Amino acid sequence: MTNYKSDLLRLLDERGYIHQTTDAEGLDALAAKQVVPGYIGFDATAPSLHVGSLVQIMMLRRLQQTGHKPVVLMGGGTTRIGDPTGRDESRKMLSDDMIAANIASIFSIFERYLTFGDGPTDAVMVDNQDWLGQLGYIELLQEVGTHFTINRMMTFDSVKLRLDREQPMTFLEFNYMILQGYDFRHLSKDMGVRLQMGGSDQWGNIVNGMELGRRMDGADLYGLTTPLLTTAAGAKMGKTAAGAVWLNPEQLSHFDYWQYWRNCDDRDVGKFLKLFTDLPLDEIARLEALQGAEINEAKKILANEATAMCRGADAAKAALETASQTFEKGQIGGDLPQAVAPAEGISVVDALRELGFAASNKEARRKLDEGAVKVGGEVVRDPQHLILPGADAIAVSLGSKKHGLVTR
């Protein structure tokens, strides 16, 4: 642990958010004496963010908790291009209406984590389409393009890795880093933003934006990245066999969200409690020291805290009660994911897909073949098996941890 003066860097350091900083001493001194507006950019490619974005959301929450101003940058403009970082192919183009709808939906997530308003430390959400959409191409080339060299751009991981894998990269995507750098410059000039944060894969883009702000305006800017977060088993955060762990309830039920945290690896409990809850560090130290079966109580606390923050206290309480009924009392809880069967019934394969237990028919058939699927408490292996619920719902289970209901 570094002996930081500011509450901001001390909190980020204690809870494990810091991977790299461009000038830790300078940022620490600035945060100790004034309100620092800081931003993180988010894509608007879907109506919800998933757990893979949660570290960044929590970083903005920590910024506000320590008396600074979070700026949520939605990439309404850059979404039209697509960040090539870590991708082997171009993103599909979205219409303006789809992007606007996605941003509105994503805002509902941030309202749970941040306090928005007009005060000095209140959060604001901005859309880079508002300024990138006004840029003329010649103006962009003259004002911004002169500060970038092709030689340097070719060394960026987002470009280099794509070309090393011999995957095509469009000129449109090649421009992404210029526009992202311009975002930092614009926010510093128009809103006094001094800090950009992001995942470790964004380091090059952040430094790029800092340099652009310095060259064009003489601005003194800072960057900070978080570690690449994986589970103890080496899996990427936010992904499961059944798909992404979405933050919006329209994309993932409260119970499934709660279960994601409840089912985490024993080795991840302490780390996740620090990153994704507001529990005091001494309480977290007590919980992560639990051994054997007692660690399950720590996992329930993690699931309750993380779900209450994202979905509300009532959702966390209902999910806990459903888990208690389903796993401890042998009953079927009412908060389980549900699939609605038509009058003629639904095949077990379709039911597994609709419940989110399988991403495809092929995966559903494999689970059936493995004997991992139960319908009404009985193992089912036949993909043609028809589920015909009557007045009562029929329980469908995948393994010992995934349970759902098929209703009329």
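Values in this document were obtained by computation on a predicted structure and should not be read as measured data.
Using a distance-only test at 3.5 Å, with no hydrogens or angles considered, no donor-acceptor pair links the side chain of D43 to the main chain of T45. No donor-acceptor distance shorter than 3.5 angstrom exists from the side chain of D7 to the backbone of T66, with no hydrogens or angles considered.
A donor-acceptor pair shorter than 3.5 Å can be found between the side chains of T78 and N128. Between the side chains of Q65 and R62, at least one donor-acceptor pair of N or O atoms lies under 3.5 Å. For the residue pair D183/Q180, the side-chain donor-acceptor check at 3.5 Å is not satisfied. Looking at S6 and D28, their side chains do bring a donor and an acceptor atom within 3.5 Å of each other. Q56 and T226 form a side-chain donor-acceptor contact under 3.5 Å, judged by distance and modelled atom types alone.
Taking the six-membered ring where tryptophan is involved, the planes of Y257 and W261 are perpendicular, since the angle between them exceeds 60° and thus also 30°.
Evaluated for a side chain to side chain donor-acceptor pair (under 3.5 Å) with W258, the options T307, N263, N304 yield exactly one hit, N304.
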Begin with the C-alpha distance, continue with both residues' side-chain angles, and end with the deciding distance and a verdict on side-chain hydrogen bond (donor to acceptor under 3.5 Å, both in side chains) for S105 and N248. CA-CA 8 Å; S105 179; N248 267 354; 2.9 Å; yes
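Between F116 and F107, the gap from one ring centroid to the other is short of 6.0 Å.
Every residue two or more places apart in sequence or in another chain that forms a side chain to side chain contact (heavy atoms under 4.5 Å, CB included) with S397 is listed here: K374, H403.
Taking CG of L224 as the start and OH of Y17 as the end, the distance is 12.0 Å to the nearest 0.5 Å.
Across all their heavy atoms, E14 and K274 have their closest contact at O-CD, 4.2 Å.
A salt bridge links D217 with R185: the distance from a Lys NZ or Arg NE/NH1/NH2 to an Asp or Glu carboxylate oxygen falls below 4.0 Å.
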